[in-house]
There are 2 protein chains.
Amino acid sequence: MSTLTKKSTEMQNNILIVEDDMAIREMMAFSLRREGFDTFKAASGHEALEQLNQVNPDLIVIDWGLPDMSGIDLIDMIRRDEVIREVPIIMLTARAEESDKVKGLERGADDYLTKPASMLELMARIRAHLRRSQGFEANHQIEYKGIVMDADAHEVSVDGELLSLSLTEYKLLKLFLQNPNKLLARDHILNHIWGRNTFVEDRTVDVHILRLRKALKKHNKEKWIQTVRGVGYKLINQ
Amino acid sequence: MSTLTKKSTEMQNNILIVEDDMAIREMMAFSLRREGFDTFKAASGHEALEQLNQVNPDLIVIDWGLPDMSGIDLIDMIRRDEVIREVPIIMLTARAEESDKVKGLERGADDYLTKPASMLELMARIRAHLRRSQGFEANHQIEYKGIVMDADAHEVSVDGELLSLSLTEYKLLKLFLQNPNKLLARDHILNHIWGRNTFVEDRTVDVHILRLRKALKKHNKEKWIQTVRGVGYKLINQ
DNA sequence: CAAAAATGTAACCAATCTGTCATAATGATT
DNA sequence: AATCATTATGACAGATTGGTTACATTTTTG
């Protein structure tokens with residue numbers, strides 16, 4: 001699996017820290033690593049965007065005052081990106097002014113802490129957000145009309161029978177199961193499975209769709225993946 | 001729809017306030033109602049559980065120190081309940097002690113505020129949580145007199161029956177649905193569907209209108225697209 | 001290390017979509 | 001009613017699109 005699509009279900013959680021003050025940044029990174037997180041660091045908005053082209057963090061901590069752009073602007077850009085849009089964001093600020101707090105939360109941050117922030121509280125809030133964004137169930141199962149995907153076991157079964165899938169097929173099916181009945185455009189699929197900036201052909205998606213269809217066909221679920229000409233594919237019911 | 005299953009997509013959000021201090025409770029309720037939320041109140045843990053048997057709130061604000069049980073215990077019970085388990089919870093406390101904060105977050109609260117809490121900040125945090133718990137899944141539908149276009153599924157149905165459309169027809173219909181009862185000039189249509197500088201004939205629009213009309217005809221919606229001689233077309237109500 | 005599996009591309013074909021034209025139908029104007 | 005202007009319709013060819021197979025390359029497995 002490439003670094004690009006690194007996601008967090010079975011592995012450690014990735015946290016991206018965006019903070020220009022080196023001392024604070026390193027201190028946070030240190031604490032987070034000690035707690036078992038994988039950390040990625042950025043000292044500016046642009047560095048952050050660069051990082052986001054290479055990692056899909058599970059949570060982002062953003063300093064309000066960055067040298068090149070405001071934290072708010074960075075949040076805006078993240079929330080507009082199709083792939084990472086939903087990542088939880090914790091804002092960090094030196095000013096205790098309430099208007100900032102409110103502004104940050106209104107504009108897309110999920111949480112807000114005032115510096116000097118207690119590491120303990122930051123950790124607790126990070127864990128609270130991760131807990132929520134990764135679901136409550138201990139064993140992550142997605143189910144849709146007889147197709148059951150067990151993320152922990154990395155297994156898929158159709159009407160009880162195990163389905164043998166390659167990794168790409170698995171990820172593809174997972175994407176479909178997470179968005180049943182929704183049209184997934186080709187480039188959307190590309191972005192989510194291969195990452196934002198890979199040089200994979202459009203047609204490659206088709207081939208993998210074909211392979212996934214074949215796998216489903218063996219279990220009499222032939223017509224589950226519907227083609228929408230000119231746009232993409234859709235997982236449908238029957 | 002029964003009160004029990006009241007969920008929040010189309011209607012106001014329900015907020016449950018669990019707080020024993022009447023002054024604070026009423027103040028919060030007042031502010032929340034003014035902001036357009038539906039509020040439900042409980043002065044104790046037991047009252048809260050009673051309320052939860054009747055309403056499914058979209059978010060719960062819980063005071064740390066309740067007369068009959070600790071807020072933490074209440075959270076535990078909520079998180080163990082199959083139905084409401086995932087509701088966002090904001091803890092409220094008079095003590096500023098950090099250990100409480102951390103404990104609350106570790107045990108299942110999603111957020112934590114210290115009293116005296118600023119109403120503005122509480123509102124902002126409530127909205128941030130609601131946005132996350134429901135905002136991302138808004139499904140984009142356009143509806144006009146029995147024609148329902150689901151942008152996520154890329155589907156159109158007429159009186160429940162699915163309509164099969166080519167991409168251009170789909171875009172055309174979308175344009176009409178976005179501007180019902182409005183006259184759409186030919187060049188307006190051209191600009192919106194083919195782009196500003198394409199070399200497509202005016203007459204091409206007619207052909208696609210024809211095709212769209214045919215598709216609608218199959219579902220007894222023959223006369224929906226009206227010709228306005230010399231100008232363009234209009235989507236009308238039968 | 002050899003064999004098997006997985007992956008990304010290219011190439012071919014079939015289905016479908018699209019734009020244009022010719023002609024018919026309709027409406028407006030005189 | 002005759003003429004002109006505009007739109008509807010059907011047919012057609014070329015373009016686009018997606019399904020499929022084959023193959024080279026990489027990765028994994030035994």
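What you see is a predicted model, and the numbers here were worked out from it, not measured in a lab. Lettering of chains follows the sequences in order, A, B, ..., and the numbering in each one begins at 1.
Ion pairing between B:E161 and B:K218 fails under the 4.0 Å rule for side-chain N and carboxylate O. Salt bridge status for B:E86 with A:R132: absent, with no side-chain N to carboxylate O gap under 4.0 Å. Between A:E121 and B:K101 there is a salt bridge, since at least one side-chain N of the basic residue sits less than 4.0 Å from a carboxylate O of the acidic one.
B:Y233 has a side-chain polar atom (N or O) that falls below the 4.0 Å cut-off from OP1 or OP2 of D:dA8. Taking only side-chain nitrogens and oxygens, A:R186 comes nearer than 4.0 Å to OP1 or OP2 of D:dG18. For C:dT7, neither phosphate oxygen OP1 nor OP2 lies less than 4.0 angstrom from any side-chain nitrogen or oxygen of A:K171. An OP1 or OP2 oxygen of D:dG10 is reached within less than 4.0 angstrom by a side-chain nitrogen or oxygen of B:K214.
With sequence neighbours excluded, the residues that form a ring-ring contact (aromatic ring centres under 6.0 Å, His included) with B:H192 are B:H188. Listed by chain and residue number, A:E19, A:I24, A:D63, A:L92, A:A94 satisfy the side chain to side chain contact (heavy atoms under 4.5 Å, CB included) test with A:K115 (two or more places apart in sequence, or in another chain). For A:D68, the salt bridge (charged side-chain N to carboxylate O under 4.0 Å, His left out) test picks out no residue, with sequence neighbours left out. With sequence neighbours left out, the salt bridge (charged side-chain N to carboxylate O under 4.0 Å, His left out) criterion links A:D206 to A:R186, A:R203.
Going from atom CG of B:D206 over to atom P of C:dG27 covers 15 Å, rounded to whole Å. The separation between B:I189 atom CD1 and D:dT7 atom P is 11 Å, rounded to whole Å. Per the geometry, CD belonging to B:Q226 stands 12 Å off P belonging to C:dG27, to the nearest Å. As rounded to whole Å, 13 Å separates atom C1' of C:dT7 from atom CG of A:L210.
Take the nearest nucleotide of DNA chain D for A:G232 and for B:G230: the residue whose nucleotide is more 5' is B:G230.
Side-chain polar atoms of A:D111 and B:Y112 form no donor-acceptor pair below 3.5 angstrom.
Distance from the side chain of B:R213 is smallest for D:dA8 among the nucleotides D:dA8, D:dT9, D:dG19. For B:T227, taking side-chain heavy atoms from C-beta onward, the closest of the listed nucleotides D:dG18, D:dT20, D:dA8 is D:dA8.
One end of the helix from C:dC1-D:dG30 to C:dT30-D:dA1 points its axis 30° away from the other end's axis, with each axis taken from 5 pairs and the angle rounded to 10°.
By the 30° and 60° cut-offs, the orientation of the rings of B:H154 relative to B:Y170 is parallel.
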Are any protein N/O atoms closer than 3.5 Å to N/O atoms in nucleotides 12-20 of chain C? If there are, list each pair with its distance.
| from | atom 1 | to | atom 2 | distance (Å) |
| --- | --- | --- | --- | --- |
| C:dT18 | OP1 | B:T168 | N | 3.2 |
| C:dT18 | OP1 | B:T168 | OG1 | 2.7 |
| C:dT18 | OP2 | B:S166 | OG | 2.8 |
| C:dT18 | OP2 | B:T168 | OG1 | 3.4 |
| C:dT18 | O5' | B:T168 | OG1 | 3.2 |
| C:dG19 | OP1 | B:W194 | NE1 | 2.5 |
| C:dG19 | OP2 | B:H208 | NE2 | 2.6 |
| C:dG19 | O6 | B:R211 | NH2 | 2.7 |
| C:dT20 | OP1 | B:F199 | O | 3.3 |
| C:dT20 | OP2 | B:E201 | N | 2.8 |
| C:dT20 | OP2 | B:T204 | OG1 | 2.7 |

